[in-house]
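Written out below as structure tokens is the structure these notes cover.
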Amino acid sequence: MFRRFIGGVAAAAMVLAAGAALAQDISADRISDGIRHISSDAFQGRYPGTEGERLTLDWLQAQYEEMGFQPGGPNGQWLQHVELKRYTPVEGAARASWTGPDGARHDLVQGRDIVVRATTNDGRADIRDAELVFAGYGIVAPERNWDDYGGMDVRGKVVIVLAGEPDGDLFNGPYQTYYSNIARKADEAFERGAVGVVSLTLGDMAERSWQMATRMAAMPRLPALGSADVEFSATLNPAVAHAWGQAAGLDESALTSVGSGRFKAVALNGVRLSVQAQERINTIVTHNLLAKIEGTTHPDEVIIYSAHWDHVGGEAQHPDTPGDDKIFNGAWDNASGTIGILEIARQFKAAPTPQRTVVFAHMAAEEMGLQGAYAYAADPVYPLETTVADINIDMLPLSGPTRDLPIFGKGQTDLEDRVQAILQPQGRYVSDDGQPEQNFFYRSDHFPYARMGVPAIMPWHGVDWVDGGKEAGWAAWRAKFGADYHKPSDEWSADWDLRSAVENLTVFYQLGQDLANSRDWPQWKPTSEFGAIRARSDAARQ
């Protein structure tokens, strides 16, 4: 209780003193100077594949070379080559039709009845008379005793799935699980042999979801590397779904159990779907940068610190931005996280060499959909089976000291318990991010690691301020986020308060040190959807 009555500066001093044996010199001034440098106008918003990328990666490599790090990329290089494929629909190429038991053909109008996208590597889809299966939410979650497929054979068929996931605590209440994501549903369907996935939204959100799908019908997109290679994906107008159900003689009352856990997939007997689509592909080349300290006794066991170096660019990418300033400098997002892990790297280099290898990974194209991290997870430099954990930093907090240290995905791994053990003597505590509507756990570079089973954690911004409590903390957070997130105004300021950033970097430096000098393997918690994925490689960690 005493800590509630001391001033912000004194509280920060106490926190830093607790970690002083490990954190020799985490410097707010050095963090500020680094952020100012790589978020300056000269870096043009750090857009992948541009001069801004070259300047950023050259500067980072020079920092690591000066500190004496080894290159951590493939074949002893600093950089990991990443090729991104951007898919843009060929106008007028998308066609779809269905037939019912009577054999009559019904043409579907793209953008009115259905929105079809080709999702294969060649950007083409050609499906003729595929059978249809309605698989409820399309979720198979053994740890929750949930299986929407129920043994249904969907090989060569098209699977229709409801958007989202069932309500209730079984699926984490207000915090959505990954099972709700259409990409996860496509993975499940693809693993079972389906050739396409059709997403359907019913109820109050149906109209809004459909309007969003039609708006995005012609927009370019970048599928994540490692995504399911189904022939096509589609969003369906609920009116068409109703027609299919009627044609198949489906008893709609039997579908009321889709949110109960008792539902099992049903075939739409006699209804078949044909789809053709074509998309142009252009390739963007970018790079992850990796530096490492090789472990002394267990070099094949790896802890990764990650942060994305990119932002959304400048005038070339945003010519219609109002006003004279068209450079999105990305000082907070994510020059701050980039410099944060560089600062942690500096502390590791000053400390005794750890037993396990520690890698500092600067990921590309996060703002394009976590693309650099997905690329790494699909083609890892270090085996994921023996990757101990990923500690990701995206947007350092800009405030005085806080009592709380929020993380994304609270309740997922025991990494949060390890953080709590570090915080406890400081009178601090781990919390969730407090914003379930944002789905933050799936929106930064820790997630592609988690998706592949690697325990991953990401700290967020404390709002329980030592000076001012939650009322002040939440007000400041909302004001900052609303004013600057993904806007040209996200620029470095000499007025930034980096005390909370130093607090959190100290904690996550200590976490990394603890992991790097032990034989512990962090675990997913029993209710996590990622635990079963990790368990497949348990033998590699014996």
Side-chain angles (χ1 to χ4, degrees), residues 28-53 55-57 59-60 286 306-343 362-373 392-400 406 408 433 435 438-440 443-446 458-463 473-502 504-505:
D29 287 342
R30 196 160 47 229
I31 293 168
S32 181
D33 288 346
I35 294 170
R36 177 175 59 178
H37 183 73
I38 66 169
S39 66
S40 67
D41 285 356
F43 286 71
Q44 290 293 308
R46 303 188 306 282
Y47 195 77
T50 67
E51 177 69 2
E53 170 174 346
L55 290 170
T56 303
L57 298 185
W59 184 82
L60 286 169
T286 185
S306 60
H308 73 91
W309 57 260
D310 67 297
H311 198 54
V312 300
E315 184 169 5
Q317 291 76 39
H318 305 280
D320 298 327
T321 300
D324 295 332
D325 185 1
K326 300 182 187 299
I327 297 176
F328 291 67
N329 300 79
W332 189 28
D333 180 17
N334 185 37
S336 68
T338 299
I339 302 304
I341 70 162
L342 186 68
E343 188 65 13
H362 296 269
M363 315 310 293
E366 189 269 358
E367 302 290 4
M368 294 179 171
L370 321 185
Q371 296 293 334
N392 186 63
I393 298 177
D394 194 342
M395 301 167 65
L396 291 176
L398 306 177
S399 75
F408 291 170
D433 60 62
Q435 300 174 80
Q438 295 287 351
N439 288 324
F440 276 139
R443 290 175 51 185
S444 194
D445 283 330
H446 61 288
M458 178 172 152
W460 199 226
H461 299 244
V463 293
W474 273 117
W477 155 256
R478 292 186 180 106
K480 174 65 177 172
F481 195 83
D484 295 331
Y485 181 69
H486 280 206
K487 295 178 182 177
S489 58
D490 181 9
E491 298 188 349
W492 171 87
S493 171
D495 295 331
W496 278 358
D497 188 341
L498 292 169
R499 287 177 294 164
S500 182
V502 171
N504 289 0
L505 291 173

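No donor-acceptor distance shorter than 3.5 angstrom exists from the side chain of Glu366 to the backbone of Met363, with no hydrogens or angles considered. Remark: the backbone N or O of Gly314 is paired with a side-chain donor or acceptor of Gln317 at under 3.5 angstrom. Judged by distance alone, the side chain of Asp310 and the main-chain N or O of Val312 form no donor-acceptor pair under 3.5 Å. Side-chain atoms of Lys480 never come within 3.5 Å of backbone atoms of Ala475 as a donor-acceptor pair (strictly under, hydrogens ignored). With Ser444 contributing its side chain and His446 its backbone, the two residues share no donor-acceptor pair below 3.5 Å.
No side-chain heavy atom of Asn334 sits less than 4.5 Å from a side-chain heavy atom of Leu396. Side-chain contact between Asp325 and Glu491 is present, with at least one heavy-atom pair separated by less than 4.5 Å. Looking at heavy atoms from C-beta onward, Pro48 lies in side-chain contact with Met368 at the 4.5 angstrom threshold. Here the side chains of Asp394 and Asp333 are in contact, with some heavy-atom distance below 4.5 Å. Residues Thr321 and Glu315 have side chains not in contact (no heavy-atom distance under 4.5 Å, counting atoms from C-beta outward). Taking 4.5 Å as the limit, some side-chain heavy atom of Arg30 sits within range of a side-chain heavy atom of Glu343. For the pair Pro406 and Val463, the minimum side-chain heavy-atom distance is 4.5 Å or more. Looking at heavy atoms from C-beta onward, His362 lies in side-chain contact with Ile341 at the 4.5 angstrom threshold.
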Subject >> Test log, rule side-chain contact (heavy atoms from CB on, under 4.5 Å), inputs His308 and Glu367 >> reply: CA-CA 8 Å; His308 73 91; Glu367 302 290 4; 3.4 Å; yes

**OP:** Determine, stepwise, if the pair Ser500 / Leu398 fulfils side-chain contact (heavy atoms from CB on, under 4.5 Å).
**Re:** CA-CA 7 Å; Ser500 182; Leu398 306 177; over 6 Å; no

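The NE2 atom of His486 sits 10.0 Å away from the CH2 atom of Trp332 when rounded to the nearest 0.5 Å. With values rounded to the nearest 0.5 angstrom, Met395 atom CE is found 8.0 Å from Met458 atom CE. Rounding to the nearest 0.5 angstrom, the gap separating the CD1 atom in Ile38 from the CH2 atom in Trp309 is 10.5 Å. Separating the OG atom in Ser336 from the CH2 atom in Trp492 is a distance of 14.0 Å, to the nearest 0.5 Å. In this structure, His37 NE2 and Ile339 CD1 are separated by 8.5 Å, a value rounded to the nearest 0.5 Å. Between the CD1 atom in Ile31 and the OG1 atom in Thr338 there is a gap of 12.0 Å [rounded to 0.5 Å].
The pair Arg46-Glu53 fails the salt-bridge criterion, with no side-chain N (NZ, NE, NH1 or NH2) lying under 4.0 Å from an Asp/Glu carboxylate O. Under 4.0 Å is where a charged nitrogen must lie from a carboxylate oxygen, and between Arg36 and Asp33 at least one such pair does.
Side-chain atoms of Ser306 and Asp445 form no donor-acceptor pair, as typed in the model, at a separation below 3.5 Å. No side-chain donor from either of Asp490 and His311 sits under 3.5 Å from a side-chain acceptor of the other. Judged purely by distance below 3.5 Å, without hydrogens or angles, the side chains of Ser39 and Asn329 never pair a donor atom with an acceptor atom.
The two atoms that bring Asn504 and Pro397 nearest to each other are ND2-CG, 3.6 Å, heavy atoms only. Counting all heavy atoms, side chain and backbone alike, Ala28 lies closest to Leu498 at O-CD1, 3.5 Å. Here the closest non-hydrogen pair linking Arg499 and Asp497 is NH2-OD2, 2.8 Å. Between Ala364 and Thr286 the shortest heavy-atom distance is CB-OG1, 3.5 Å. Shown here for Gly34 and Trp59, the closest heavy-atom pair between the two residues is CA-CH2, 4.3 Å.
Relative orientation of the His318 and Phe328 rings is tilted, given thresholds of 30° and 60° on the angle between their planes. Below 30°, between 30° and 60°, or above 60°: for Trp460 and Phe408 the angle between ring planes is between 30° and 60°, a tilted geometry. Phe481 and Trp477 have tilted rings, their planes meeting at an angle from 30° to 60° on a 0 to 90° scale.
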